[in-house]
There are 2 protein chains.
Amino acid sequence: MEAYRNLPKHRKANSRSRATTRERILHAAVERFARASYEQTGLRDIAADAGVDVAYVHRSFGSKERLFAEAVRAAVQPIDILPGAKDIGTLLATHVIDKPAKNPHGLDIIIRSFSSPEAAPVVREFIVNTFVEPLSRQLNHPAETRATLIGALLIGIAILREVLHSPGLTQPNPDDLKRLITRTIDELMQTTAGETTSRS
Amino acid sequence: MEAYRNLPKHRKANSRSRATTRERILHAAVERFARASYEQTGLRDIAADAGVDVAYVHRSFGSKERLFAEAVRAAVQPIDILPGAKDIGTLLATHVIDKPAKNPHGLDIIIRSFSSPEAAPVVREFIVNTFVEPLSRQLNHPAETRATLIGALLIGIAILREVLHSPGLTQPNPDDLKRLITRTIDELMQTTAGETTSRS
DNA sequence: CCAGAAAGTCAACGACTGTTGACTTTGCGT
DNA sequence: ACGCAAAGTCAACAGTCGTTGACTTTCTGG
């Protein structure tokens, strides 16, 4: 595509800008990967956004796959699940509903590119390391399964809301939506295998 | 002129096979789209599987996008949610956990290609028409939202289990897993803002 | 039997992709 | 001031993609 950010000549009159340029490329990559899948995103798009040549993008990061991995690492800061927090459900529900409005990255990169053979390992590793594993420590028995199910819910919500724009998740009042999600997460966290704890 | 003995495979010696060939192509398309994303799947792959030329695949369906739409329509039979069913949670949990083992299609096509701009409308339309809308009729107040959230959970589970192979969803006993999912869906269906409206 | 439509093939176009070798420009150390 | 390495560019390769025009083969209706 054409990006009109193209200052033709010396953008920085002064000294060594390697780190700066790298950051600019990385930032452009994050932005692109958050809005389109791994395959749909071309290195030339990223290069244009960053105001450099394609070749330099490739040379700076070694390969598209490595650039993607760095973009994931840079974009998605692990959700800080405090060891003692008791309103995890609210925290996560807020995160998935409010966050994407503020800054478009985060979950977006993950949900758009998990299907790429090259990107999937990166995505999977990230999910496990920064979400499932920390969250598992707060849960009881099938802890990893519970944590993964909660992750599944959040990912599904993000997809239907951010990518497919399903009216069922875009139209309702955000607070009502968050309340419903919170309740579901709490249920997923607290219920034990044999009995129903929320029984009345 | 007998130099061209090269007709390698006349698979069907006999008569008009247009419908049959179309079905073979469609079947191959379903199979491919279920295992890789819209972008990753090439018409040449599908053509090879079906034993025809690429050009004929394209000509038979008009475009890749239309072939994809037909594949979705052909692969995913709407989950039959009986108007009076009361164990919908179990039905859906069983569907998402057991089905993929039996035949690999169904949800797979949807979850791999929702990110493609060309495929997304097809995917979204399908989800709404064959899942959210019928299911909504069984639920109370924020019916569409509840149905969409259930859809989100199922899609997320399918992704983490079938595509990313997250251990939290592949290792545990399927029955335990289904029980956990069923409970979550039921919660999502029945809970109201204030209390539980579970009626017999 | 024979015309003609349908079924199917072949080769190619044009655009796009990630990647690479060779090149030029820039900045710093001495 | 000079040299040299780093920063960055340029053009091209080799491959893939969906798509199309022109062709041949196969079948069927009159």
Side-chain angles (χ1 to χ4, degrees), chain A residues 1-2 5-26 28-29 32-33 36-71 113 116-119, chain B residues 1-26 28-29 32-33 36-71 113 116-119:
Chain A
M1 314 300 187
E2 69 276 21
R5 307 200 48 73
N6 207 357
L7 300 191
K9 294 293 200 261
H10 42 35
R11 48 185 63 262
K12 313 180 99 36
N14 53 3
S15 68
R16 50 177 294 94
S17 55
R18 178 189 182 185
T20 302
T21 304
R22 242 189 91 99
E23 283 171 18
R24 224 170 49 242
I25 295 173
L26 196 56
R32 286 280 181 178
F33 283 132
S37 76
Y38 181 83
E39 282 97 357
Q40 291 160 10
T41 303
L43 292 187
R44 282 168 178 83
D45 301 328
I46 297 172
D49 290 353
V52 296
D53 192 88
V54 206
Y56 193 61
V57 172
H58 185 268
R59 281 209 149 76
S60 299
F61 290 87
S63 71
K64 186 186 184 182
E65 187 176 351
R66 273 206 281 269
L67 171 58
F68 178 80
E70 291 246 25
S113 296
S116 297
E118 296 145 299
Chain B
M1 315 320 166
E2 56 86 24
Y4 284 170
R5 202 142 190 62
N6 203 3
L7 293 198
K9 59 235 171 198
H10 31 307
R11 46 183 68 261
K12 19 108 188 84
N14 52 3
S15 68
R16 52 177 293 92
S17 55
R18 177 189 180 183
T20 302
T21 304
R22 242 189 91 98
E23 282 171 18
R24 224 171 50 243
I25 295 173
L26 196 56
R32 286 280 180 179
F33 283 132
S37 77
Y38 181 82
E39 282 96 359
Q40 291 159 10
T41 303
L43 292 187
R44 282 167 177 84
D45 302 329
I46 297 172
D49 290 353
V52 295
D53 193 86
V54 204
Y56 193 61
V57 173
H58 185 267
R59 283 211 145 77
S60 299
F61 290 87
S63 72
K64 185 186 185 183
E65 188 175 350
R66 273 206 283 268
L67 171 57
F68 178 80
E70 291 245 23
S113 296
S116 297
E118 297 145 298

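Chain A is the first sequence line, chain B the second, and so forth, proteins listed ahead of strands; every chain is numbered from 1.
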Any B:His58 side-chain nitrogen or oxygen under 4.0 Å from OP1 or OP2 of D:dG18: no
Note the angle between the end axes of the helix from C:dC1-D:dG30 to C:dT30-D:dA1, five pairs defining each, rounded to 10 degrees. 10°
Could you tell me the separation between the CZ atom of A:Arg22 and the P atom of D:dG8, rounded to a whole number of Å? 12 Å
To the nearest angstrom, the CZ-P distance between B:Phe61 and D:dG18 comes to 15 Å
Determine the minimum heavy-atom distance between A:Leu67 and A:Ala29, stating which atoms define it. CD1-CB, 3.8 Å
Heavy atoms only: give me the nearest A:Pro117-B:Gln40 pair and the separation to one decimal. CD-NE2, 3.1 Å
Base, sugar-phosphate, or nothing: which does B:Ser60 touch, judged by heavy atoms less than 4.0 Å apart? nothing
Starting at CD of A:Glu65 and ending at C1' of C:dT17, how long is that distance when rounded to a whole Å? 16 Å
Quick note, A:Ala55 side chain, CB onward, closest among D:dA22, D:dC10, D:dG18 is D:dC10
Can you check the B:Gln40 CD to D:dG15 C1' distance for me, whole Å? 17 Å
Look at the rings of B:Tyr38 and B:Phe33 and say which category their plane angle falls in: under 30° parallel, 30 to 60° tilted, over 60° perpendicular. parallel
Tell me: OH of A:Tyr56 to P of D:dA6, nearest whole Å? 11 Å
What is the distance from CG of A:Leu67 to C1' of C:dT19, rounded to the nearest Å? 14 Å
Tell me whether the OP1 or OP2 atom of C:dG8 has a side-chain N or O from B:Thr21 closer than 4.0 Å. yes
Within this structure, what is the CD-OG1 distance for the pair A:Glu23 and A:Thr20, rounded to the nearest 0.5 Å? 6.0 Å
In whole angstrom, give the distance that lies between atom CD1 of B:Ile46 and atom C1' of D:dT19. 14 Å
Contact summary for B:Thr41 and B:Ala36, nearest pair of heavy atoms: OG1-O, 3.5 Å
Taking the nucleotide of DNA chain D with the nearest heavy atom to each, does B:Lys64 or B:Arg59 sit closer to the 5' end? B:Lys64
What is the distance from CZ of A:Arg66 to C1' of C:dG18, rounded to the nearest Å? 13 Å
How long is the straight-line distance from CZ of A:Arg44 back to CG of A:Asp49, given to the nearest 0.5 Å? 14.0 Å
Where is the tightest heavy-atom contact between A:Arg22 and A:Glu70, given as atom of each residue plus distance? NH2-OE2, 3.1 Å
